[in-house]
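Keep in mind that the numbers below use all heavy atoms, side chains included, and drop hydrogens, waters and symmetry copies. Convention: sequence-line order gives letters A, B, ...; per-chain numbering from 1.
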Protein chains: 2
Amino acid sequence: MEQELSLINGAKPQPKRLGKNGDGDERHEVIYRAISDAIIKQQLQPGARLREDALTEVFNVSRTGIRKILQRLALEQLVTITPRRGASVTRPTAAEARDVFAARKMVECGLMPEVALHITPQDVSELRDMAKREHKALKAGEQSTAIRLSAAFHERLAQLSGNATLAAFVSQLCSRSSLILAVYGSAGNLGCESHDHEDLINYLAEGDGEKAKAFMNHHLMEIEASLSIVEEEAVAPDLHQIFGMTS
Amino acid sequence: MEQELSLINGAKPQPKRLGKNGDGDERHEVIYRAISDAIIKQQLQPGARLREDALTEVFNVSRTGIRKILQRLALEQLVTITPRRGASVTRPTAAEARDVFAARKMVECGLMPEVALHITPQDVSELRDMAKREHKALKAGEQSTAIRLSAAFHERLAQLSGNATLAAFVSQLCSRSSLILAVYGSAGNLGCESHDHEDLINYLAEGDGEKAKAFMNHHLMEIEASLSIVEEEAVAPDLHQIFGMTS
DNA sequence: GCACCTTAATGCGTATACAATAGTATATGA
DNA sequence: TCATATACTATTGTATACGCATTAAGGTGC
């Protein structure tokens, strides 16, 4: 549970305290991405605590900035902030897992016809490239990279619909899905295996929105089915319920 | 454009600086709600600036807290934060308006069958009550109340589906819709008039999810059609495109 | 020996102070 | 009189300092 925080600071050898405001916004974006990535890639596992002081040291920004980032992550449900206990990587409940996949089925499938209409040959080749890289990562055993690429694929797909609002929503759902995979996925079987993505691209390239829609539905159901979504409940056992007392 | 900020502080006669941490979180939630409500009720119109100092005075909290709240509102797209210019109520673009309504059609319609399955007589009477109050407000000419109640109705409906994730998303979409109505709606015709909501409840009470779905689609299309969504474009004309220069 | 109380340490919530920047106004020169 | 440049003001971005809460450990009393 306790992990080394420094590992998420992949490419920033102490920014040298670049003072008050060396393009400040940029830095925050970078840090946000770093933490987000670390969570999605499961370098930071559900339940891992994210102490503000530790992050402050790692990224060399003040707590103010860290807090801003943590709150953003909290709104996206990647981290959970408990009032006086601090932030930690959220451990999705079974209900949340169900909700997220239901939402993905509804939105991502609904988007497919639109995508099929708008897609260009350029987009197709880009998607194929992404699928190829994902496949390669999977074969090389780089799980975290594969998960990340898979999420990126689904996000890119949603963007192609042209609806920025729904694309952003899908993006969030994909991030949360990565967490869900981390908690409820069995070791060997991590979603989006096989050639599903390649097949999906073919349908879209043909302009067959309905087939793509049906296939996406199947695809998501398969991923969900591969999970073992059972409530762990260890966190806060409901003593009232267990012992049948009212107060 | 410049409005009186104090009007959003409806019911808090100076909390008397209740010190360091008198259930601090609670206060923030209240303030968040107050600002959010004021935007949705169009007491704060799109483009209105939200200066941190002013809010600090009105609500009697430090800028730190205000900033937190503003950032939350920004993530929900209710306010826009421009890097060194501060926060203002967002003025939705035409593209955003289209995206939001497309999203609402997809999600809210998709949720109807689920709602029809889960709904209880208790829920039905609650919804009828909400619809009645909305109608009354509309007849009494209380526009802002009516808009707020209408949004609340749609949100409650989404909640009844049992999917918290999608419900939260719908909630956001409804908030943004209020803004869109404020910008693109014609004066007289503010959405959700007539007895649409009552009819919808009837379909749901009968358990006819498909009819409810179709009706919801019609309902949302009607609202969207009543808007005059034309790009104002004054905001940030793309000079590169206009003058055809590459750099 | 066990339980409870006290104390210390850790860590977050809040406020305040300082730095930097964008917008505005004014002054000066042509 | 108009245009340009400079100085100023208003407002945000960032960091730091302080205070309270919670937790854990150690000591003392029973």
Side-chain angles (χ1 to χ4, degrees), chain A residues 1-3 5 12 14-32 35 44 47-75 79-90 235-236, chain B residues 1-5 12 14-32 35 44 47-75 79-90 234-236:
Chain A
M1 183 101 54
E2 288 303 325
Q3 308 179 39
L5 269 175
K12 284 186 58 190
Q14 298 296 78
K16 203 66 74 49
R17 178 71 158 66
L18 57 80
K20 303 309 171 181
N21 118 353
D23 58 358
D25 255 357
E26 216 59 41
R27 261 189 332 176
H28 281 184
E29 190 61 28
V30 170
I31 297 172
Y32 164 78
I35 299 179
L44 288 170
R49 289 194 60 184
L50 300 170
R51 292 191 311 103
E52 295 183 355
D53 282 354
L55 293 170
T56 291
E57 273 186 35
V58 172
F59 292 109
N60 220 44
V61 278
S62 74
R63 273 183 53 218
T64 314
I66 291 293
R67 290 179 57 85
K68 191 165 117 183
I69 293 165
L70 285 178
Q71 265 152 25
R72 181 169 160 197
L73 287 165
L75 283 184
V79 317
T80 305
I81 296 181
T82 351
R84 275 182 196 84
R85 303 292 231 51
S88 56
V89 180
T90 76
V235 186
Chain B
M1 183 99 55
E2 289 302 324
Q3 309 179 39
E4 198 55 48
L5 270 175
K12 284 186 56 188
Q14 298 297 79
K16 204 62 76 48
R17 179 69 158 67
L18 58 80
K20 303 306 170 181
N21 121 359
D23 58 357
D25 255 356
E26 216 59 41
R27 260 189 334 176
H28 281 184
E29 190 60 28
V30 171
I31 297 172
Y32 164 78
I35 298 178
L44 287 171
R49 290 194 57 184
L50 299 171
R51 290 191 311 102
E52 296 179 357
D53 282 353
L55 293 171
T56 291
E57 275 186 35
V58 173
F59 291 110
N60 220 44
V61 278
S62 75
R63 272 182 56 216
T64 313
I66 291 293
R67 289 179 61 83
K68 191 165 115 184
I69 293 165
L70 285 177
Q71 265 154 23
R72 180 169 162 196
L73 287 165
L75 284 184
V79 317
T80 305
I81 295 181
T82 342
R84 313 241 163 209
R85 302 287 240 52
S88 56
V89 180
T90 76
V235 186

Nearest to the side chain of A:T64 - D:dT16, C:dT14, D:dT12?
D:dT16

Whole-Å distance separating the [atom1] atom of [X] from the [atom2] atom of [N]:
{"X": "B:N60", "N": "C:dT14", "atom1": "CG", "atom2": "C1'", "answer": "13 Å"}
{"X": "B:L55", "N": "D:dT11", "atom1": "CG", "atom2": "P", "answer": "12 Å"}
{"X": "A:E57", "N": "D:dA15", "atom1": "CD", "atom2": "C1'", "answer": "16 Å"}
{"X": "A:I66", "N": "C:dG13", "atom1": "CD1", "atom2": "P", "answer": "14 Å"}
{"X": "A:E52", "N": "D:dA21", "atom1": "CD", "atom2": "P", "answer": "18 Å"}
{"X": "A:D53", "N": "C:dA9", "atom1": "CG", "atom2": "P", "answer": "16 Å"}
{"X": "A:R67", "N": "D:dA15", "atom1": "CZ", "atom2": "P", "answer": "14 Å"}
{"X": "B:I31", "N": "C:dG13", "atom1": "CD1", "atom2": "P", "answer": "15 Å"}

Using the side chain to side chain donor-acceptor pair (under 3.5 Å) criterion, which residues pair with B:Q71? Sequence neighbours excluded.
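Not a single residue meets the side chain to side chain donor-acceptor pair (under 3.5 Å) criterion with B:Q71.
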
Using the test side chain to side chain donor-acceptor pair (under 3.5 Å), find all partners of A:R85 that sit at least two apart in sequence or belong to another chain.
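Applying side chain to side chain donor-acceptor pair (under 3.5 Å) to A:R85 gives none.
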
Given [N], is OP1 or OP2 found less than 4.0 Å from the side-chain N or O atoms of [X]?
{"X": "B:R63", "N": "D:dT12", "answer": "no"}
{"X": "A:R51", "N": "C:dT10", "answer": "no"}
{"X": "A:R27", "N": "D:dA15", "answer": "yes"}
{"X": "A:K68", "N": "D:dT14", "answer": "yes"}

Pick the nucleotide of DNA chain D nearest each of A:R85 and A:S62; which residue has the one closer to the 5' end?
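Looking at the nearest nucleotide for each, A:S62 comes out on the 5' side.
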
Less than 4.5 Å apart, any side-chain heavy atom of A:T56 and any of A:V61?
no

Close side-chain approach of B:D53 and B:I66, heavy atoms under 4.5 Å
no

Candidate pair A:L44 and A:L50, rule side chain to side chain contact (heavy atoms under 4.5 Å, CB included), full reasoning:
CA-CA 9 Å; A:L44 288 170; A:L50 300 170; 3.9 Å; yes

Could you walk me through whether B:I35 and B:F59 pass the side chain to side chain contact (heavy atoms under 4.5 Å, CB included) test, one step at a time?
CA-CA 10 Å; B:I35 298 178; B:F59 291 110; 4.0 Å; yes

So that I can tick it off, tell me whether A:E29 and A:R72 are bridged by a salt bridge, with the cut-off set at under 4.0 angstrom between side-chain N and carboxylate O.
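Between A:E29 and A:R72 there is a salt bridge, with a charged N closer than 4.0 Å to a carboxylate O.
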
Output a table of nitrogen or oxygen pairs between the protein and nucleotides 5-9 of chain D separated by less than 3.5 Å.
none

